[in-house]
Amino acid sequence: MTTEHSAELRAAARHLGRRRFLTVTGAAAALAFATNLPGTAQAAELDAAKITADPFTLGIASGDPLPSSVLLWTRLAPDPYAADSGLPAARVTVRWELAHDERFTRIVRRGSATAHPEFDHSVHVEVGGLDHDRVYYYRFRAGTWISPVGRTRTAPAKGARVGELKIAAVTCQAYHDGYFTAYQHLAEEDLDVVFHLGDYLYEYAVNAVGGLRNYTDRRLPAHFNRETITLEDYRLRYALFKTDPDLKAAHAAHPFVVTWDDHETENNYADETPENDVPPEEFLLRRAAAYRAYWENQPLRLPQKPNGPDAQLYRRLQWGRLAQFDVLDTRQYRSDQAYGDGWQYPGPESEDPARTMTGAAQERWLLDGWRASRATWNVVPQQVCVAQRRNVPTGVSKLSMDGWDGYPAARQRLLDGAVATGADNLLVLTGDLHNAYAHDLKQNFDDPSSRTVGVELVATSITSGGDGADKPSNWDAYMTSNPHMRFYHGRRGYVTATLTEQQTRADFRAVTGVTKPGAAISTVGSFVTEAGNPGLKQV
């Protein structure tokens, strides 16, 4: 197993420099890597009947529901912890079925897709021509093997009146910090769609006992006990995460809409700037590997497929006239964190109006989308905290340079833009913080009496941070210093939201712990924000 990028890629990077090496090069390996085309068009086809072990060890998934289309995903891996996943470098034909019922007595569509070795035998199937606003069931076949059954759904027709929408937001699932028990409970929730807000993967080493999972019945392979750098590293790490039964259950139960944050690549990277001091072309090789593995392992459509170190992950989904979802990418285009990152006092560097969190093109796209929106709720699933988080009640406070606090001019453009474009009932879904928060979004956070332009629901982590506590040690300081902060809770779990034309109700769900499996879950806080009257009210 290699811990370095291939010699061809490294040579191309040195010769051409930065981005150009992945799109303009004569090296066949680099070209295939950049364009994501199978590099061996005449690769032999494996007779799927010869697969002797279950190839569906990573489960199945669906994502990005459209009014007449669903996206189905799986990846073949009979030996998921092996570098080749237990398959030769050959094409495999995978059959799929979509039905009205989970026993598949009323099949709606069926077909086949090719699992290419160049894409690590992943399969992305876009099934069109479906009924609007309907639940479907799906499964895959490879040889004699049949996958688990998944449940998915289409979105309502554009412009349709929708009575209710039930969603959940999840984030931050460090494998080494505990069990994914929250996903076991999420799988049992009555939901239409789940939004994953980033840190699906962690790049950090996972030891033989799975960190805080402290396995006594198994030993993980040694190749997990180092940081992910190469494409092979990232692919194997996804295999580790996706063999988790609770995560597989959640994916099978609900369609997911995913976006990344930093750990899918590297902690706190910013655009082309890595966390650590490595040559730029080395980091872009790593970013290209991470982005490719992300697409291979997520239920994403073709427009999100990366080209080298670039991928357009931001996108827009509609749920009839009830909700518009503007899914952001606040990691790939941002300015570098000011003052060396971390919690710092704000100053001219962080307050420079030229600094961006989203990049100019994505910012224009968001504002244009709001301007054209006719939805009751304008929902923005994104990664890092929008609301101000002070840690002292008076005077100058340190702020997080990685969140929107470190990009105050960009935040002001965001909030002013919501007002100027008439983005009604702004609802921001946020991850990253490993705790649950509920915030009123103020047009001027330094003036508590200023206009409330929307609300922010911050999902706690699935595992990151370990068991946590009901009241973190800084609870009093935060709640005293931030009058717009309506809720703060430190256990692991997720947040659900029920949207109607009249209101959105948010329920913060938390498990009692994650370092041992099987923890119970409860609702630890509930809030309502009314359509036309932004601001959170506890219920």
With sequence neighbours excluded, what pairs up with Glu456 under the salt bridge (Lys or Arg N to Asp or Glu O under 4.0 Å) test?
none
Would you please name every residue forming a side chain to side chain donor-acceptor pair (under 3.5 Å) with Asp341, sequence neighbours left out?
Asn268
Taking distance alone, no hydrogens or angles, what donor-acceptor pairs closer than 3.5 Å link side-chain atoms of residues 519-528 to residues at least two apart or in another chain?
unit_1 : atom_1 : unit_2 : atom_2 : d
Thr523 : OG1    : Arg509 : NH1    : 3.1
Ser526 : OG     : Arg505 : NH2    : 3.3
Ser526 : OG     : Asp507 : OD1    : 2.5

Answer yes or no: is there an ion pair linking Asp402 with Arg334, defined by an N-O contact shorter than 4.0 Å?
yes
Could Asp405 and Arg390 be called an ion pair, given the rule that one side-chain N must be under 4.0 Å from one carboxylate O?
no
Hits for ring-ring contact (aromatic ring centres under 6.0 Å, His included) against Tyr215, two or more places apart or cross-chain, chain-then-number order -> none
Ring-face cation of Lys166 near Trp319 (centre distance under 6.0 Å, axis angle within 45°)
no
Kindly compute the distance separating CG (Asp424) from OG1 (Thr376), expressed to the nearest 0.5 Å.
8.0 Å
Donor-acceptor pair between Asp440 and Thr452 side chains, under 3.5 angstrom
no
By salt bridge (Lys or Arg N to Asp or Glu O under 4.0 Å) - contacts of Asp244 (at least two apart):
Arg213
Give a yes or no on whether a salt bridge exists between Arg331 and Glu266, defined as a side-chain N under 4.0 angstrom from a carboxylate O.
no
Just jot down the ring-ring contact (aromatic ring centres under 6.0 Å, His included) partners of His132, sequence neighbours excluded, or say none.
none
Which value, rounded to the nearest 0.5 Å, describes the distance between Gln298 atom CD and Leu313 atom CG?
9.5 Å
With sequence neighbours excluded, residues passing ring-ring contact (aromatic ring centres under 6.0 Å, His included) with Phe241
Tyr175
Should the ring pair Trp295 and Phe119 be called parallel, tilted or perpendicular, given that the plane angle runs from 0 to 90° and is split at 30 and 60?
perpendicular
With sequence neighbours left out, the residues meeting salt bridge (Lys or Arg N to Asp or Glu O under 4.0 Å) with Asp177 are none
With a 4.0 Å cut-off, would you call Arg237 and Glu203 a salt bridge?
no
Under-4.0 Å salt bridge between Asp467 and Arg492
no
Would you check if there is a donor-acceptor pair between the side chains of Asp54 and Thr57 at a distance under 3.5 Å?
no
List in chain and number order the residues that pass side chain to side chain donor-acceptor pair (under 3.5 Å) with Ser85, two or more places apart in sequence or in another chain; answer none if no residue qualifies.
Arg75
Which residues pass the ring-ring contact (aromatic ring centres under 6.0 Å, His included) test with Trp370, not counting sequence neighbours?
none
With sequence neighbours excluded, tell me which residues meet salt bridge (Lys or Arg N to Asp or Glu O under 4.0 Å) with Glu501.
Arg161
Hits for side chain to side chain donor-acceptor pair (under 3.5 Å) against Asp246, two or more places apart or cross-chain, chain-then-number order -> none
Presence of salt bridge, Glu126 and Arg301, under 4.0 angstrom:
yes
